[in-house]
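All remarks here apply to the structure that follows.
This is a predicted model, so every value here is computed, not measured.
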Amino acid sequence: MFSFTRDQLLEEQERIAKKVRLRHVDAESIRAVCGVDISYSDKRLVACAAIWNRDTKDIAAVSFHSSKANFPYIPSFLYKREFMPMVKVVRRLEVRPDLVLVDGHGILHPKKAGLAVFVGVALGIPTIGVAKTLLVGEIGHMKGFLAPISIKSERLGWLVQKEGSRKYYFSPGNLVRVDDLPMLASIWGYGYPPPLTHADKMSREKVYQQ
DNA sequence: GCGACAG
DNA sequence: ATCTTGTCGC
């Protein structure tokens with residue numbers, strides 16, 4: 001099988017980080033939002049992509065991809081474990097989403113190359129990383145539901161927390177700008193993104209019955 | 001050297 | 001992520 005040295009993985013992250021393009025996206029143009037998540041049962045995994053329609057506020061399409069986990073979970077190298085299954089499950093959708101939300105960090109990462117960066121660069125679709133815990137970065141002062149997060153004074157993401165809700169960490173994966181994230185998070189009211197809630201639930205159901 | 005460490 | 005009892009709160 002394949003083995004990788006830590007340096008090889010770091011080189012791969014540095015290469016992908018150079019391919020990221022942070023571009024402005026108009027929130028009004030975002031209609032189909034896709035959430036991607038993965039559930040596990042031992043070494044088996046099931047990835048689910050769920051498209052949530054911003055107008056109907058309901059799920060418009062779903063796809064699954066089952067495979068075997070071929071790499072362990074190592075902090076800051078999650079991409080090696082989940083990147084390919086996520087790309088495949090999104091490509092399996094019959095509809096091309098306007099925005100992809102990934103369960104994990106984007107450029108808010110030691111090498112600016114989190115899981116959402118790999119997925120976003122591979123797909124060429126605006127992508128955002130949404131994580132439930134912080135990996136790196138310093139959190140600024142909360143203003144409304146938002147607090148900027150930066151590394152060495154460079155703003156790379158946002159802490160989003162609606163009153164009475166948990167904290168979520170947003171950062172660009174590709175083709176969106178850091179300062180676009182607040183407007184995009186407002187689409188679903190700053191809570192946990194509905195597309196990710198559905199993808200999480202459906203991937204868990206699928207891996208359970210399989 | 002020690003601790004921290006997305007999912 | 002997954003496993004997994006009881007407990008707090010709406």
Side-chain angles (χ1 to χ4, degrees), chain A residues 4 6-7 9-10 12-14 16-17 20 34-50 64-90 100-122 127-139 147-152 155-174 176 178 181 185 191-193 195-210:
Chain A
F4 304 87
R6 191 176 188 84
D7 281 346
L9 298 179
L10 290 172
E12 193 170 21
Q13 291 182 326
E14 288 171 9
I16 206 74
V20 173
C34 175
V36 195
D37 194 19
I38 293 179
S39 288
Y40 296 85
S41 178
D42 271 317
K43 297 290 183 174
R44 298 294 306 177
L45 68 81
V46 172
C48 174
F64 295 96
H65 174 75
S66 302
S67 59
K68 192 177 68 177
N70 56 7
F71 200 81
Y73 166 64
I74 303 173
S76 83
F77 298 108
L78 173 63
Y79 83 96
K80 208 62 183 171
R81 183 173 168 84
E82 302 196 337
F83 153 63
M84 283 308 285
M86 283 191 169
V87 170
K88 287 180 179 176
V89 79
V90 173
V100 174
L101 271 30
V102 170
D103 196 335
H105 288 293
I107 62 175
L108 190 55
H109 175 279
K111 289 293 181 182
K112 294 187 183 180
L115 173 62
V117 168
F118 281 83
V119 173
V121 168
T127 301
I128 299 174
V130 181
K132 304 175 195 67
T133 62
L134 193 62
L135 177 60
V136 288
E138 302 122 40
I139 303 174
I149 305 176
S150 50
I151 296 178
K152 294 186 302 174
R155 181 171 297 188
L156 298 174
W158 296 89
L159 159 59
V160 182
Q161 180 174 38
K162 189 170 64 174
E163 198 56 51
S165 187
R166 287 183 52 182
K167 295 172 180 172
Y168 298 107
Y169 305 87
F170 287 61
S171 63
N174 194 24
V176 301
V178 174
L181 303 194
Y192 195 60
L196 282 174
T197 299
H198 285 90
D200 173 68
K201 178 164 165 284
M202 299 180 84
S203 65
R204 202 189 323 278
E205 290 174 350
K206 181 70 74 176
V207 79
Y208 194 70
Q209 62 179 280
Q210 143 185 310

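A straight line from CZ of A:R204 to P of B:dG7 spans 13 Å, rounded to a whole angstrom. When the P atom of B:dA6 is taken as reference, atom CD1 of A:I139 falls 14 Å away, rounded to whole Å. In this structure, A:K111 places its NZ atom 18 Å from P of B:dA6, rounding to the nearest Å. Distance A:Y73 OH to B:dA6 P: 4 Å, rounded to the nearest Å. Protein atom CD1 of A:I107 is 15 Å distant from nucleotide atom C1' of B:dA6, rounded to whole Å. Spacing between atom CD of A:Q13 and atom C1' of B:dC5 amounts to 13 Å, rounded to whole angstrom units. Following rounding to the nearest Å, A:R166 (CZ) and B:dA6 (C1') show an atom-to-atom distance of 12 Å. The interatomic distance linking A:L115 (CG) with B:dC5 (P) rounds to 19 Å, in whole Å.
Contact annotation: A:S41 side-chain N/O to C:dT2 OP1/OP2 distance is not under 4.0 Å. Look at A:K80 and you won't find any side-chain N or O under 4.0 angstrom from OP1 or OP2 of B:dG7.
In this structure, A:S76 and A:H109 approach most closely via the heavy-atom pair O-NE2, 3.0 Å. In this structure, A:R81 and A:A69 approach most closely via the heavy-atom pair NH1-CB, 3.8 Å. Listed here is the closest heavy atom pair of A:V46 and A:S66: CG2-OG, 3.6 Å.
Of the listed nucleotides (C:dT2, C:dA1, B:dC5), C:dA1 has the atom at the smallest distance from the side chain of A:D103.
B:dA6 has no stacking from A:Y169 on its base ring, since the centres under 5.5 angstrom apart and planes within 30 degrees of parallel are not both found.
Within the 4.0 angstrom heavy-atom criterion, only backbone atoms of the sugar-phosphate kind lie near A:Y40; the bases stay farther away. Here A:T133 lies in heavy-atom contact (under 4.0 Å) with sugar-phosphate atoms only.
Using a 4.0 Å cut-off between charged nitrogen and carboxylate oxygen, A:K132 and A:D103 count as a salt-bridge pair.
Between A:V102 and A:M86, some side-chain heavy-atom pair lies under the 4.5 Å cut-off.
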